[in-house]
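To keep things clear, I will list the structure first and then write my remarks on it.
In listed order, ligands and their atoms are each counted from 1. Owing to the predicted nature of the structure, the values given are computational and were not obtained by experimental measurement.
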Amino acid sequence: MDYFFSEEQLMIRDLARQIADEKVLPVRAELDENEKFPWDIVRTLAQSDFFGIYIPEEYGGMGLGGFELTLAIEELSRACLGVSTTYAANALGTYPLMLYGSEEQKKKFLPDIAAGKRLVAFGLTEASAGSDAAGVQTTATLDGNEYILNGTKQWITNGGEAEIYTIIAMTDRNKGPRGASAFVVEKDTPGFSFGKKENKLGIRASVTRELVFDNCRIPKENLIGRQGMGFIVAMKTLDKSRTGVGAQGVGVAQGAFEAATAYAKERHQFGAPVISFQAVQHMLADMATEIEAARALVYAVTKYIDNDAKDVSKESAMAKLFATDVAMKVTVDAVQVMGGSGYMKEYPVEKMMRDAKILQIYEGTNQIQRNVIGQALIKETAKKK
Ligand code: COS
C-alpha cells in the first residue's frame with residue numbers, strides 16, 4: 001500500500017526503522033529478560049529529535065503532528081513493544097500540558113520534553129480508578145498558594161524514570177467527574193515518592209511503578225487548565241493518545257507477521273516449505289489483510305485528529321480497539337505458524353504475543369473502547385432525530 005507519505009514523513013519512518021533495526025533488535029531479548037529500562041535507546045531517540053516530533057516549534061519541537069508520531073511508534077513497536085511503550089507513554093504524559101497547559105507551563109516544560117532531556121508520565125489509574133476514570137481517590141487540597149496532594153497512583157508507565165508527571169486528583173470528591181483537576185508534579189518534590197516496580201508478563205523493557213503522594217505540596221501554578229476540568233483533560237488526552245496504542249498494535253503485528261513468514265519459508269515438513277501448504281498460507285493471508293486494514297484505520301483517524309476535528313472519541317476508540325485486537329490475534333497466530341519454535345525464547349514471537357496483551361488493556365480496556373463507541377452512537381442518533 002502506498003500512503004503517499006511526504007519526504008519528511010518518509011524520513012521519520014526510515015530513521016525510526018533504522019534505530020529499531022540497529023539499536024533495538026539486538027538488545028530486545030535482554031531488555032525483556034532482565035526488565036532493563038532502555039536508557040541507551042531513549043538517548044538515541046533524543047539525539048534524533050524523536051521526542052519533539054509532535055511538539056510545536058515555538059517550544060523546541062519539530063511542529064509536526066500525531067501522524068508523524070504514529071509512524072515512529074509503529075516502527076519502534078515492530079521491534080519491541082516495551083521500548084515503544086516508554087516512548088508513546090511520554091507523549092501521553094505530555095498531552096495534558098500541550099492541550100491545556102498555560103503559556104508559562106508550556107515554556108517551562110515542553111522544551112526539555114522535546115529535547116528528550118526529561119521523560120514524562122501520566123498518572124490517572126489507582127487501586128479503585130482505571131476504567132472508572134472518575135473514581136480517583138487521590139486528593140488535591142488548596143492551601144494558600146499551594147495544593148497538597150495525598151494518595152497513590154498505580155501501574156504508572158515511566159514511573160520513577162520520568163521527571164515530569166501529569167496527575168489527575170480530586171479537588172472536590174462530592175462533584176464526581178467535575179471534581180477532578182489535573183496537575184503537573186516534578187520528581188524530587190518533597191512528599192512525592194515511588195512504590196514498587198511491577199513484574200510484568202510483557203513490555204518488560206518499560207517500567208511500571210506506583211506513585212505515592214504524602215502531603216506533597218506543589219505550587220498553585222501547577223494546576224493544568226481550571227480546577228474541576230481534570231476529567232475532561234484526561235478524556236481529551238486519551239482521545240488523542242489512543243491512536244498511538246493503535247500504532248503500537250500495527251507495529252507489533254507487522255513484526256510478528258514478518259517473523260512468521262520468514263520462518264514458514266525456511267521450515268520444511270513433508271518434503272516442502274510449510275508456506276507451500278494452504279493451511280499456513282491462509283493464516284498468513286488473514287494476518288496480512290488484518291494488519292493492512294488496521295494500519296489504514298489508524299492512519300486515517302490520526303490524520304483526522306491532526307486536522308483539528310472536534311470530537312474524536314469514537315474514531316480514536318475504534319482505531320485503538322481494532323488495531324490492538326488485530327495485534328493480539330496476529331501475534332498468537334504467528335506463534336502458531338511457527339509451532340514449537342514460536343513458543344521458544346530463541347525466536348521473537350513469544351515475546352510479541354506476551355507484549356501485545358497489554359494493548360487490549362491499557363489506555364482504556366477494549367471493553368471501555370466499545371462503551372465509548374456505543375455512547376457516541378447513541379449521541380449521534382439522538383442528534384439526527
Ligand atoms: N471529551 C470531552 N468530554 C467528555 C469525554 C470526552 N472524550 N468523555 C466524557 N466527557 C464528559 C461527558 O460528556 C460528561 O459531561 P457532562 O457531565 O457535562 O455530561 C462528563 O465528561 C462525564 O462523562 P461520563 O458520564 O461519560 O463519565 P463516566 O464516568 O461514565 O466515564 C468513560 C466514561 C468510561 C468513557 C471514562 O471513564 C473512560 O474513558 N474510562 C477509561 C479511562 C482509561 O482509559 N483508563 C486507563 C488508564 S489511563 S492510561
Side-chain angles (χ1 to χ4, degrees), residues 73 84-96 99-100 120-138 151-159 162 165-170 172-183 198 200 203 206-211 224-226 228-246 248-249 301 304-305 308-321 324 357-380 382-383:
I73 293 174
S84 82
T85 294
T86 301
Y87 177 68
N90 202 72
L92 170 71
T94 305
Y95 284 140
L99 297 175
Y100 293 96
V120 197
F122 179 64
L124 168 68
T125 304
E126 300 181 1
S128 56
S131 294
D132 180 6
V136 164
Q137 298 295 311
T138 294
T152 301
K153 295 285 172 188
Q154 202 178 41
W155 304 328
I156 305 303
T157 304
N158 290 347
Y165 294 80
T166 46
I167 299 294
I168 307 298
M170 299 310 276
D172 189 343
R173 275 214 199 137
N174 300 321
K175 286 191 178 164
R178 284 159 192 251
S181 301
F183 300 91
E198 303 293 345
K200 307 190 292 291
I203 56 161
S206 79
V207 66
T208 313
R209 273 208 184 83
E210 279 179 344
L211 313 181
I224 301 173
R226 289 193 312 277
M229 260 182 78
F231 190 79
I232 301 297
V233 173
M235 291 298 110
K236 291 287 185 197
T237 290
L238 290 163
D239 283 351
K240 209 161 159 59
S241 75
R242 280 177 181 151
T243 51
V245 184
Q248 287 193 290
V301 172
Y304 177 60
I305 296 175
D308 285 334
K310 266 203 190 115
D311 188 357
V312 297
S313 304
K314 182 184 76 178
E315 291 77 11
S316 169
M318 284 174 167
K320 194 266 187 191
L321 167 65
T324 62
K357 187 62 207 164
I358 193 62
L359 302 177
Q360 294 179 307
I361 299 171
Y362 68 18
E363 291 195 37
T365 63
N366 282 5
Q367 287 69 31
I368 286 289
Q369 307 309 316
R370 288 179 172 90
N371 285 3
V372 170
I373 297 164
Q375 287 302 317
L377 293 177
I378 293 170
K379 265 196 209 163
E380 276 173 19
K383 270 189 218 155

Seminar exercise, completed: Taking only non-hydrogen atoms of Leu238 and a 4.0 Å limit, the atoms of ligand 1 in range are 42 (C), 43 (C), 44 (O)
Exercise. Does atom 44 (O) of ligand 1 have a protein heavy-atom neighbour under 4.0 Å away?
Worked result: yes
Exercise. What's the shortest heavy-atom distance between Arg173 and Gln137, and which atoms?
Worked result: NH2-O, 2.9 Å
For this session: Can you pull out the closest protein heavy atom to atom 20 (C) of ligand 1? Residue, atom name and distance to 0.1 Å, please.
Result: Phe231 CE2, 4.0 Å
Exercise. Are a donor atom and an acceptor atom from the side chains of Thr243 and Lys320 found within less than 3.5 Å of each other?
Worked result: no
Problem set entry | Any Val233 side-chain heavy atom under 4.5 Å of Leu99 side chain | no
Exercise. Applying a 4.0 Å heavy-atom criterion (strictly less than), which segment of Asp311 is in contact with ligand 1: side chain, backbone, both, or neither?
Worked result: neither
For this session: Please identify which atoms of ligand 1 are closer than 4.0 Å to at least one heavy atom of Asp239.
Result: 1 (N), 6 (C), 7 (N)
Problem set entry | 4.0 Å protein heavy-atom contact status of atom 25 (O) of ligand 1, strictly under | no
Exercise. Is at least one protein non-hydrogen atom found at under 4.0 angstrom from atom 18 (O) of ligand 1?
Worked result: yes
Exercise. Under a 4.0 Å heavy-atom limit, does Ala133 contact ligand 1 with its side chain, its backbone, both, or neither?
Worked result: both
For this session: Keeping to residues at least two apart or across chains, list the salt bridge (Lys or Arg N to Asp or Glu O under 4.0 Å) pairs with something in residues 308-317.
Result: Lys314-Glu380
Exercise. Rounded to the nearest 0.5 Å, what separation is found between the CE atom of Met170 and the OG atom of Ser181?
Worked result: 8.0 Å
Problem set entry | Non-hydrogen atoms of Pro177 and Ala134 that approach each other most closely | CG-CB, 3.9 Å
Exercise. Can you list the ligand 1 atoms lying under 4.0 Å from a non-hydrogen atom of Gly130?
Worked result: 41 (C), 42 (C), 43 (C), 45 (N)
For this session: Answer yes if a protein heavy atom lies under 4.0 Å from atom 5 (C) of ligand 1, otherwise answer no.
Result: yes
Exercise. Got a protein heavy atom sitting under 4.0 Å from atom 14 (C) of ligand 1?
Worked result: no
Seminar exercise, completed: The option among Ala89, Gly123, Ser131, Gly93 carrying the non-hydrogen atom nearest to atom 41 (C) of ligand 1 is Ser131
Problem set entry | Minimum-distance pair of heavy atoms, taken over all atoms of Phe231 and Ala133 | CE1-CB, 3.7 Å
Exercise. Short list, please: which atoms of ligand 1 are under 4.0 Å from a heavy atom of Thr125?
Worked result: 47 (C), 48 (S)
For this session: Return yes or no for this condition: an N or O of Val372 is under 3.5 Å from an N or O of ligand 1.
Result: no
For this session: Decide, yes or no, whether a salt bridge links Glu126 with Lys153 under the criterion of side-chain N to carboxylate O below 4.0 Å.
Result: yes
Exercise. Looking only at side chains, do Asp239 and Ser316 share a donor and an acceptor under 3.5 Å apart?
Worked result: no
For this session: Note the single closest protein heavy atom to atom 2 (C) of ligand 1, along with its residue, its atom name and the distance in Å.
Result: Lys236 CE, 3.7 Å
Problem set entry | Part of Arg242 with heavy atoms under 4.0 Å of ligand 1, whether side chain, backbone, both or neither | side chain
Exercise. Which residue supplies the protein heavy atom nearest to atom 11 (C) of ligand 1, what is that atom called, and how far is it?
Worked result: Ile232 CD1, 3.9 Å
Problem set entry | Nearest-0.5 Å distance, CG of residue Leu321 to CE of residue Met318 | 8.5 Å
Seminar exercise, completed: Near Ser313 (heavy-atom distance under 4.0 Å), the atoms of ligand 1 are 6 (C), 7 (N)
Exercise. Among side-chain atoms of Gln248 and Tyr362, is any donor-acceptor pair under 3.5 angstrom?
Worked result: yes
Seminar exercise, completed: Under 4.0 Å from one or more heavy atoms of Gly364, ligand 1 contributes atoms 43 (C), 44 (O), 45 (N), 46 (C)
For this session: Please write down residue, atom name and distance for the protein heavy atom closest to atom 8 (N) of ligand 1.
Result: Met235 CG, 3.6 Å
Exercise. Quick one: which of Ile368, Asn371, Thr237 has a heavy atom closest to atom 34 (C) of ligand 1?
Worked result: Ile368
Exercise. If you look at every heavy atom in Val120 and Asn158, which pair is closest and at what distance?
Worked result: O-ND2, 3.2 Å
For this session: Report yes if Arg178 has an N/O atom closer than 3.5 Å to an N/O atom of ligand 1; otherwise report no.
Result: yes
Exercise. Within a reach of under 6.0 Å around CZ of Arg226, are more than 12 heavy atoms found that belong to other residues, nucleotides or ligands?
Worked result: no
Exercise. Is it true that the side chains of Asn366 and Thr324 contain a donor and an acceptor less than 3.5 Å apart?
Worked result: yes
Exercise. Any idea which atoms of ligand 1 are less than 4.0 Å away from a heavy-atom of Leu124?
Worked result: 48 (S)
For this session: Flag atom 39 (O) of ligand 1 as yes if some protein heavy-atom distance to it falls below 4.0 Å, otherwise no.
Result: yes
Exercise. Hey, is Tyr362 touching ligand 1 through its side chain, its backbone, both or neither, going by heavy atoms under 4.0 Å?
Worked result: neither
